[in-house]
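Input: a single structure, listed below in structure tokens.
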Amino acid sequence: MHGHGSKREFEEWFNEYVLRASCCASCEMLLFPGSAVGRIGENLVHLTFDCCPSGGFYVGSIGEDGQVVSAFEGNLTIAEQAMKTGEIQIKNLE
């Protein structure tokens with residue numbers, strides 16, 4: 001949901017979103033659109049000091065549909081991408 005809407009519109013969006021959204025495996029809170037996430041095994045975590053032990057687990061961000069928008073082909077983490085390509089990987093997270 002972008003821009004300004006009513007409380008009712010937000011509640012409707014939230015009630016639909018929560019049904020398809022993933023939760024952080026560390027803190028168990030929802031992962032919202034635009035949030036940078038890490039992948040540890042098959043689990044998604046917020047890319048924060050509290051939830052993720054390293055930026056090397058960065059995999060992408062959460063899209064409007066509640067699913068991961070991968071930063072790298074094949075849903076690789078940034079560390080896996082570096083090992084695959086043999087190149088340094090740098091991403092700006094805003």
I'd like to check Ile62 versus Val68 (side-chain heavy atoms, cut-off strictly below 4.5 Å). Are they in contact?
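Yes, close enough: below the 4.5 Å cut-off.
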So do the side chains of Pro53 and Ile40 get within less than 4.5 Å of each other, counting heavy atoms only?
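They are in contact (side-chain heavy atoms under 4.5 Å apart), so the answer is yes.
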Of the non-hydrogen atoms in [X] and [Y], which two are nearest, and what is the gap between them?
X: His46; Y: Cys52; result: O-CB, 3.4 Å
X: Gln67; Y: Asp65; result: N-OD1, 2.9 Å
X: Asn75; Y: Ser70; result: OD1-OG, 2.8 Å

Carboxylate-amine/guanidinium contact Arg39 Glu80, below 4.0 Å
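A salt bridge links Arg39 with Glu80.
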Only counting residues at least two apart or in another chain, list the ones meeting salt bridge (Lys or Arg N to Asp or Glu O under 4.0 Å) with Glu16.
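Applying salt bridge (Lys or Arg N to Asp or Glu O under 4.0 Å) to Glu16 gives none.
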Shared ILVMFWY cluster between [X] and [Y], side chains joined below 4.5 angstrom?
X: Val18; Y: Trp13; value: yes
X: Phe57; Y: Leu76; value: no
X: Val59; Y: Leu31; value: yes
X: Ile78; Y: Leu47; value: yes

Counterpart residues, side chain to side chain contact (heavy atoms under 4.5 Å, CB included), relative to Cys23 (two or more places apart):
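Cys23 satisfies side chain to side chain contact (heavy atoms under 4.5 Å, CB included) with Leu30 once adjacent residues are dropped.
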For Arg8, look at atom CZ and say whether over 12 heavy atoms of other residues, nucleotides or ligands are found less than 6.0 Å away.
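No, because the 6.0 Å sphere around CZ of Arg8 holds 12 heavy atoms or fewer from other groups.
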Look up atom NZ in Lys84 and atom CZ in Phe72, then write down how far apart they are to the nearest 0.5 Å.
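Taking NZ in Lys84 and CZ in Phe72, the distance rounds to 10.5 Å.
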Parallel, tilted or perpendicular: which one describes the rings of Tyr17 and Phe32, with boundaries at 30° and 60°?
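Ring orientation of Tyr17 relative to Phe32: parallel.
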